[in-house]
> 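Mind looking over this structure? Questions follow.
Lettering of chains follows the sequences in order, A, B, ..., and the numbering in each one begins at 1.
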Amino acid sequence: MLSSAALVLLMVPGLALFYGGMVRRKNVLTTIMHSFVCMAVVGVQWVLFGYALAFGTSQGGWIGWDWSLVGLRGITMDKAFLDKGIPELAFVMFQGKFAIITPALISGAIAERVRFPAFLLFTLLWTTLVYCPLAHWVWSPDGWLCKLGVLDFAGGTVVHISAGVSALVLAMRIGPRRDYVPGQASVMPHNLPFTLLGAGLLWFGWFGFNAGSAVGLPGPVAGPAAALAFTTTQTAAAAAALAWLLYEWLRHGRPTSLGLASGIIAGLVAITPAAGFVTPLSALGIGALSGVVCCIAVQWKSRLRYDDSLDAFGVHGVGGMIGAVLTGALCFMPVEASAAQVGKQLLGVGVGVGTAIVGTLAVSALVHACTPLRASDEEERDGLDITTHGERAYHAAIGH
Amino acid sequence: MLSSAALVLLMVPGLALFYGGMVRRKNVLTTIMHSFVCMAVVGVQWVLFGYALAFGTSQGGWIGWDWSLVGLRGITMDKAFLDKGIPELAFVMFQGKFAIITPALISGAIAERVRFPAFLLFTLLWTTLVYCPLAHWVWSPDGWLCKLGVLDFAGGTVVHISAGVSALVLAMRIGPRRDYVPGQASVMPHNLPFTLLGAGLLWFGWFGFNAGSAVGLPGPVAGPAAALAFTTTQTAAAAAALAWLLYEWLRHGRPTSLGLASGIIAGLVAITPAAGFVTPLSALGIGALSGVVCCIAVQWKSRLRYDDSLDAFGVHGVGGMIGAVLTGALCFMPVEASAAQVGKQLLGVGVGVGTAIVGTLAVSALVHACTPLRASDEEERDGLDITTHGERAYHAAIGH
Amino acid sequence: MLSSAALVLLMVPGLALFYGGMVRRKNVLTTIMHSFVCMAVVGVQWVLFGYALAFGTSQGGWIGWDWSLVGLRGITMDKAFLDKGIPELAFVMFQGKFAIITPALISGAIAERVRFPAFLLFTLLWTTLVYCPLAHWVWSPDGWLCKLGVLDFAGGTVVHISAGVSALVLAMRIGPRRDYVPGQASVMPHNLPFTLLGAGLLWFGWFGFNAGSAVGLPGPVAGPAAALAFTTTQTAAAAAALAWLLYEWLRHGRPTSLGLASGIIAGLVAITPAAGFVTPLSALGIGALSGVVCCIAVQWKSRLRYDDSLDAFGVHGVGGMIGAVLTGALCFMPVEASAAQVGKQLLGVGVGVGTAIVGTLAVSALVHACTPLRASDEEERDGLDITTHGERAYHAAIGH
Amino acid sequence: MKLIQAIIRPERLEAVQRELRSVLDEQEHYRMTVQTCEGHGRQEGRVEIVRGRESRPRLVEKLQVTIALNDAYVEPAVQAILRGARTGQVGDGKIFVTPLEDCIRIRTGERGGKAV
Amino acid sequence: MKLIQAIIRPERLEAVQRELRSVLDEQEHYRMTVQTCEGHGRQEGRVEIVRGRESRPRLVEKLQVTIALNDAYVEPAVQAILRGARTGQVGDGKIFVTPLEDCIRIRTGERGGKAV
Amino acid sequence: MKLIQAIIRPERLEAVQRELRSVLDEQEHYRMTVQTCEGHGRQEGRVEIVRGRESRPRLVEKLQVTIALNDAYVEPAVQAILRGARTGQVGDGKIFVTPLEDCIRIRTGERGGKAV
Ligand SMILES: Nc1ncnc2c1ncn2[C@@H]1O[C@H](COP(=O)(O)OP(=O)(O)O)[C@@H](O)[C@H]1O
Ligand SMILES: Nc1ncnc2c1ncn2[C@@H]1O[C@H](COP(=O)(O)OP(=O)(O)O)[C@@H](O)[C@H]1O
Ligand SMILES: Nc1ncnc2c1ncn2[C@@H]1O[C@H](COP(=O)(O)OP(=O)(O)O)[C@@H](O)[C@H]1O
């Protein structure tokens with residue numbers, strides 16, 4: 001559990017690099033900071049009251065709360081989590097990492113133009129008003145979606161769909177970058193090796209994400225389920241990477257490294273809700289499908305006028321939906337796959353999408369009331385690193 | 001077991017960076033992709049039929065097979081592996097990571113000139129026709145080398161000798177890079193910090209590689225053996241790094257960072273077959289020796305006409321042989337060191353070398369029959385990143 | 001324990017990148033090597049005699065020794081450590097990683113001008129003469145500080161205060177860089193993304209550092225204590241990152257990425273001595289305080305004439321002291337916080353500071369007697385990478 | 001023939017290119033060469049902060065655009081660059097015009113006016 | 001004295017250097033200065049793909065070689081560059097020859113022809 | 001008007017700037033443009049080692065400083081550069097002086113001598 005939590009934490013620098021390599025030199029620091037600062041803001045929020053909201057005693061299935069969980073005061077060191085034989089603090093931390101990574105995922109859609117203070121405020125409010133309730137509904141034993149039987153092994157709906165859809169909404173709200181041209185590669189990634197390294201770290205961390213989530217299952221199956229989740233995670237990532245690469249090769253005549261990396265992420269996203277519930281062969285199918293569909297989604301999207309800079313929606317939103325639905329169609333445990341289960345999964349997706357849309361619109365309106373969301377044209381032109389943070393990522397050449 | 005598997009996985013991006021930093025800017029993406037794509041290709045192959053070939057029921061000690069292992073269909077979630085009390089799926093994944101990393105090691109010898117489609121096909125065929133049989137012979141309880149008593153704790157023969165020798169054969173088959181000049185530093189590494197970071201990640205991951213392999217031992221010793229393997233791994237890496245550094249310092253007057261990093265890897269390679277079988281003091285010796293010998297091998301080789309771009313043979317081939325033989329000379333468990341054991345180890349090395357040579361010649365002939373192995377002169381000149389993948393690793397300066 | 005040790009090891013490349021990104025292009029390799037070479041030198045020293053000195057049978061509480069621990073010969077594979085049920089070899093390795101990282105921390109203060117051979121010798125002597133005794137006093141059950149009841153969970157005094165203070169002393173001894181101008185940003189970091197990635201790896205590795213240290217506690221509390229240490233570590237890092245960022249924002253009008261990263265490290269340092277002894281809420285306070293105080297210390301220091309290149313003292317020295325004292329003021333276990341405990345902690349800090357000052361002066365005099373400490377003006381001007389190591393970190397553009 | 005070397009703001013390159021295309025004959029294929037450089041003058045760089053220490057670099061990133069032209073095109077090209085590069089704020093840069101004695105197209109070996 | 005500035009393909013630098021060495025007096029120590037640049041002309045860059053979107057950059061990487069020469073050496077040097085740099089394909093670049101009024105060797109302060 | 005192009009050692013830039021400031025009128029705001037380049041000449045680069053193989057690069061990192069000046073300032077500027085850039089060792093570089101026919105300040109459109 002603790003090593004899983006540590007692995008998930010490594011996803012933060014992993015995501016930071018994955019995104020940071022894809023933007024231009026002038027915006028790399030602010031992009032990396034988006035991920036790191038989630039750790040700072042949500043890291044504090046989660047201990048102060050986030051955990052209480054998500055996993056406190058359920059108030060009618062809609063939200064949790066316990067005064068004793070504020071500041072984690074009520075959790076003594078040796079308090080075990082439910083009957084799982086692990087300390088509750090370990091569970092708090094594991095879940096906290098999920099809460100940290102989710103808003104960081106969103107940042108990819110609005111990179112290179114969002115104002116830093118606005119993103120900070122957005123992160124705080126969105127986590128509190130959108131993430132915590134969703135997590136409660138799906139993962140708290142008394143949450144209403146959980147009670148309905150919606151399956152979400154490690155956060156397909158709570159993390160990826162909610163992040164992907166919110167990213168899309170926010171990208172539309174903020175508008176495209178000043179030099180965005182639909183359908184063209186108008187902005188080139190400044191450091192693809194960073195992006196590939198980031199993908200590698202994400203993939204490593206994801207094993208913590210998915211295998212660690214086996215703890216949610218009843219005691220005796222937890223161990224084997226972790227091994228199963230590990231296997232499906234690896235298999236789906238491999239299949240999706242291969243599928244994206246090959247599809248792109250056929251379609252554009254070039255197998256790209258960014259495609260390979262994106263495929264890995266797409267496969268990891270899609271298997272997330274299903275990891276402990278499907279067989280390795282099903283994982284192969286889920287992965288391959290998500291690789292192709294996300295690739296198409298990303299390319300199709302690029303013809304539209306909205307500008308999801310780093311394709312947070314195309315990968316996390318679309319991948320999350322594929323995974324959530326296929327979980328219902330392919331799971332063999334804890335229930336057998338059935339049309340009914342697919343229906344439930346669709347309900348879960350619908351609730352996730354709806355909550356993300358409404359929540360993001362509300363939160364971004366709130367934020368905008370306090371401080372503008374978007375950087376000025378001059379700031380965007382000169383880069384947010386130097387204008388907002390007073391830093392340049394690289395210093396070389398002359399005079400140094 | 002699972003955390004070990006995750007650690008081994010991190011060796012993939014680690015190796016990608018280690019190699020990627022050593023090539024020129026124009027080939028960094030394709031070099032990184034060589035490692036990543038092994039994860040995709042072998043990741044799928046292993047689940048589909050690779051595991052069945054290597055660890056299925058032995059067909060006379062020569063190869064494994066079980067129809068029920070195709071697609072891992074026959075492995076239920078709670079099926080334990082032998083009597084070790086770990087889920088078989090965890091073992092499948094752990095072994096799968098070894099299968100992934102091995103062809104990735106080979107890619108270092110042919111960097112900057114191999115055609116990407118040819119490498120893909122090579123990886124698939126080589127893993128199936130060379131790696132799976134070798135793994136079966138050495139690690140399956142019914143494999144003929146295993147039965148003969150050849151010791152290979154974590155893959156000295158199966159992984160490093162086979163990769164190193166195959167790398168050499170393939171490098172000769174493909175020919176030197178267009179601007180290779182024997183004995184001169186004709187190609188400069190474009191980003192040594194990447195290489196050093198890659199070495200750091202490899203070293204971290206190697207603990208999973210070696211300590212995780214303790215699971216192959218009978219139950220009660222597995223825990224302590226893991227601690228022993230950890231200790232010998234760390235000690236050999238430190239000793240080899242120091243030895244390479246000092247040797248180079250005396251010999252060339254400069255202690256280089258690339259030498260330090262190469263020493264780490266050489267030590268890790270050499271201790272791999274011995275990790276759980278020797279004392280920390282023996283590990284110190286194995287490390288120091290491998291540091292010096294690999295350093296000499298690499299320099300000596302560079303006077304020859306063949307071009308092993310990133311010294312896959314000098315480090316993995318030579319280091320693996322040193323380790324395999326010394327295992328026989330220094331082990332205190334599971335059998336005492338003896339001349340007879342050294343003889344067995346030599347046999348293992350011989351079989352590994354022979355199989356690698358024959359197998360690689362056969363596989364490369366097969367591949368060449370389908371698609372040329374080597375990039376055109378123009379592609380090599382302009383770099384494989386832009387000509388094959390339609391990408392440039394870095395975008396900076398003008399117009400961005 | 002073993003995974004914790006592996007995590008701590010990852011701190012070595014993490015620190016290497018953290019520091020390497022902050023120096024100029026011409027010194028990045030030597031800076032990275034400072035960290036890596038500690039692994040080589042101390043890695044060998046620890047096995048040969050370092051562990052015997054620190055954890056051998058106590059000679060009157062002042063130093064340990066056991067001939068049988070030389071080369072770890074006396075530690076059989078299945079020898080358990082005390083009564084904790086873990087193999088002693090695992091403990092040896094875990095402690096070894098601490099010994100490796102400590103001199104690496106010091107290197108930050110003297111970057112860009114120390115001679116490489118002098119640093120090598122310094123590392124060897126300092127670890128033997130300063131680190132091993134201190135570790136014995138504080139962590140050996142018979143060490144005199146341990147017996148007095150000084151608390152140091154995971155190395156606030158032994159690692160961070162001793163490294164930070166030694167760094168300061170050494171920086172003063174060696175003198176400022178040739179182009180250092182007090183109070184000005186005279187040297188710009190050449191690659192901040194490396195620094196941020198390094199901070200991410202450090203933070204990941206720190207969980208091993210702190211959570212792994214729970215093994216020092218009596219059996220039954222070890223598990224829960226690890227979860228507590230994990231929680232406080234994460235919380236303090238988040239709070240300190242936020243505090244540094246906000247303080248800097250208010251004070252200089254810019255939230256910097258380097259500030260965010262520095263805050264993470266400051267928080268991790270400050271919580272180190274307290275991790276398993278305080279509540280999450282206390283950790284929040286310790287983190288926030290250390291973020292602000294270290295930020296002030298670093299800025300205040302920069303007006304002085306001495307040149308601690310990468311602020312090893314401002315972060316590790318100051319952060320370590322804050323943590324050590326607050327441990328006494330906030331701990332709830334193994335003893336209740338009290339004025340007396342604060343007194344004991346102050347004593348520990350005093351002893352750490354005193355030992356570091358005297359020890360570093362003595363060791364640097366010894367080193368200087370053998371080989372000059374400081375690079376020549378020309379070497380410093382042209383960069384240590386090319387002049388000392390015969391390498392350049394990056395090759396690009398023309399002719400490649 | 002003249003050689004025009006203009007120092008401009010990096011972010012004005014696109015505008016300069018647009019203007020040049022409209023006055024030079026080759027349309028899409030108008031010829032020029034661009035280099036990075038750093039300039040010192042009245043303009044100062046933006047403040048940078050490193051752990052609380054501030055610095056304001058005096059050297060500012062610029063681009064140098066080089067164009068070889070026959071005499072008749074010099075004035076239109078200068079005007080085009082002025083239109084594209086001017087913001088009216090300190091730091092807009094300079095245009096230098098120097099004599100060009102000969103010009104050779106490497107591909108064909110053509111020389112002088114028709115090779116420009 | 002003349003100043004030769006040649007824009008060439010990066011991969012032809014070695015060939016150009018070889019040719020220059022054979023016509024200039026100093027053999028191994030022939031003098032020149034090289035800079036990176038990007039050129040716009042008839043040649044187009046190679047297609048790049050980013051997540052399925054294509055772009056074909058108009059600016060192509062080139063090198064600029066600068067050589068100061070006494071008049072007698074100008075023609076041989078131009079010919080040498082032509083031999084080394086020509087591939088016959090669009091994008092081979094240009095050679096510009098401009099007058100050089102004075103040349104000073106910094107180390108010695110020598111001026112004019114003998115300082116070149 | 002003249003255009004001065006000086007190739008200097010990177011580490012002498014500061015000294016050159018200091019000297020230039022003292023002879024040019026604008027003090028803090030003296031104008032110049034700097035570019036990176038690599039030079040070939042009598043000086044050789046420092047030995048580099050890659051896994052035991054050695055290489056000694058012939059191209060050495062330099063900076064090119066460009067300054068446009070009215071005639072009266074040329075000689076003082078040349079002397080200033082000589083003072084700042086000279087170390088007396090092989091590799092100090094060169095100063096090239098070429099005629100400048102026109103100079104335009106982009107911000108204002110001013111031309112000639114007063115735009116320099
Ligand atoms: N005489 C000159 N020689 C070389 N470069 C110059 C000269 N004058 C201006 N420049 C270049 O033009 C840039 C803009 O000059 P600056 O004085 O900042 O603004 P402005 O020209 O608008 O007054 C400088 O950074 C420098 O690169
Ligand atoms: N008139 C010019 N001014 C500046 N640079 C030029 C000029 N003509 C050519 N160049 C440089 O030469 C390069 C090659 O030109 P291009 O038109 O692509 O090929 P070619 O000269 O073989 O027809 C261009 O990229 C540009 O850098
Ligand atoms: N004729 C020339 N043309 C172009 N660049 C030159 C010329 N002469 C010298 N240089 C530049 O000056 C630098 C120094 O020249 P070098 O021969 O090494 O030293 P020195 O001038 O002190 O004898 C060279 O690296 C080159 O960049």
> Which is it for Leu197(B) and Leu197(A) under the side-chain contact (heavy atoms from CB on, under 4.5 Å) test, yes or no, and what are the steps along the way?
CA-CA 10 Å; Leu197(B) 171 60; Leu197(A) 171 60; 3.7 Å; yes
> Report which part of Leu260(A) has an atom under 4.5 Å of a heavy atom belonging to chain B: side chain, backbone, both, or neither.
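Just its side chain gets close to chain B.
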> Could you go through Arg392(B) and Met188(A), starting from their C-alpha distance and side-chain angles, then the distance that decides it, and tell me whether this counts as side-chain contact (heavy atoms from CB on, under 4.5 Å)?
CA-CA 9 Å; Arg392(B) 285 181 204 277; Met188(A) 307 308 268; over 6 Å; no
> What distance do Asn191(B) atom CG and Asn191(A) atom CG have between them, rounded to the nearest 0.5 Å?
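The CG atom of Asn191(A) is 8.0 Å from CG of Asn191(B), to the nearest 0.5 Å.
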> With chain B, which of Phe194(A), Phe230(A), Phe207(A) has the greatest number of heavy-atom pairs at distances under 4.5 Å?
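Of the candidates given, the most pairs with chain B belong to Phe230(A).
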> Can you name the ring pair (Phe, Tyr, Trp, His ring centres under 6.0 Å) partners of Tyr19(B), sequence neighbours left out?
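For Tyr19(B) there are no ring pair (Phe, Tyr, Trp, His ring centres under 6.0 Å) partners, ignoring immediate neighbours.
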> For residues Arg254(A) and Ile386(B), report the shortest heavy-atom separation together with the two atoms involved.
NE-O, 4.2 Å
> Counting only non-hydrogen atoms closer than 4.5 Å, does Val42(B) touch chain A with its backbone (N, CA, C, O), its side chain (CB onward), both, or neither?
neither
> What is the minimum heavy-atom distance between Gly223(A) and Pro87(B), and which atoms define it?
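Looking at all heavy atoms of both residues, the closest pair is O-CG, 4.5 Å.
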> Find the one option among Gly205(A), Pro189(A), Gly287(A) whose heavy-atom pairs under 4.5 Å with chain B are most numerous.
Pro189(A)
> Considering only heavy atoms and a distance below 4.5 Å, find which of Ala225(A), Ser3(A), Ala211(A) pairs most often with chain B.
Ala225(A)
> Given the options Leu192(A), Asp179(A), Thr195(A), which has more heavy-atom pairs under 4.5 Å with chain B than any of the others?
Leu192(A)
> With a 4.5 angstrom heavy-atom cut-off, could you sort out which part of Ala80(B) is near chain A: side chain, backbone, both or neither?
neither
> If you count heavy-atom pairs within less than 4.5 Å of chain A, which of Leu2(B), Leu72(B), Val44(B) leads?
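Going by pairs under 4.5 Å, I would pick Leu2(B).
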> Could you go through the side-chain contact (heavy atoms from CB on, under 4.5 Å) check for Trp203(A) and Leu9(B) one step at a time?
CA-CA 9 Å; Trp203(A) 172 27; Leu9(B) 184 134; 3.3 Å; yes
> Between Tyr394(B) and Pro193(A), is any pair of side-chain heavy atoms under 4.5 Å apart?
yes
> Is it the side chain or the backbone of Ala16(B) that comes within 4.5 Å of chain A heavy atoms, both, or neither?
neither
> Could you tell me which residues satisfy side-chain hydrogen bond (donor to acceptor under 3.5 Å, both in side chains) with Asp307(A), sequence neighbours excluded, listed by chain and number?
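Partners of Asp307(A) under the side-chain hydrogen bond (donor to acceptor under 3.5 Å, both in side chains) test: Arg177(A).
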> Check whether Ile75(B) gets within reach of chain A through its side chain, its backbone, both or neither, counting any heavy atom under 4.5 Å.
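Neither; nothing under 4.5 Å.
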> Heavy-atom cut-off 4.5 Å, strictly under: side chain, backbone, both or neither for Thr31(B) against chain A?
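No part of it gets close to chain A.
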> Is any side-chain heavy atom of Phe204(A) less than 4.5 Å from a side-chain heavy atom of Pro13(B)?
no
> Is there a side-chain contact between Leu29(B) and Leu196(A) (heavy atoms, below 4.5 Å)?
yes
> Distance-only, no hydrogens or angles: does the His389(B) side chain make a donor-acceptor pair with backbone N or O of Pro255(A) under 3.5 Å?
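Checked: pair present.
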> Taking 4.5 Å as the heavy-atom cut-off, does anything in residues 235-250 of chain A contact chain B, and if so which residues?
Thr235(A), Ala237(A), Ala238(A), Ala239(A), Ala241(A), Leu242(A), Leu245(A), Trp249(A)
> If you measure from CG on Leu89(B) to OG1 on Thr232(A), what distance do you get to the nearest 0.5 Å?
9.0 Å
> For chain B, find which of Ser257(A), Gly267(A), Ala227(A) contributes the most heavy-atom pairs closer than 4.5 angstrom.
Ser257(A)
> By a 4.5 Å heavy-atom criterion (distance strictly below it), what part of Phe91(B) contacts chain A: side chain, backbone, both, or neither?
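Looking at Phe91(B), nothing touches chain A.
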> Can you tell which part of Ile86(B) gets under 4.5 Å to a heavy atom of chain A, answering side chain, backbone, both or neither?
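It is neither, since no heavy atom gets under 4.5 Å.
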> Whether the side chain of Glu391(B) engages the backbone of Leu258(A) through a donor-acceptor N/O pair (distance < 3.5 Å, no angle test) should be reported.
yes
> Report which part of Lys97(B) has an atom under 4.5 Å of a heavy atom belonging to chain A: side chain, backbone, both, or neither.
side chain
> Determine which residues belonging to residues 278-285 of chain A lie within contact range of chain B, meaning some heavy atom pair is under 4.5 Å apart, and list them by number or answer 'none'.
Pro280(A), Leu281(A), Leu284(A)
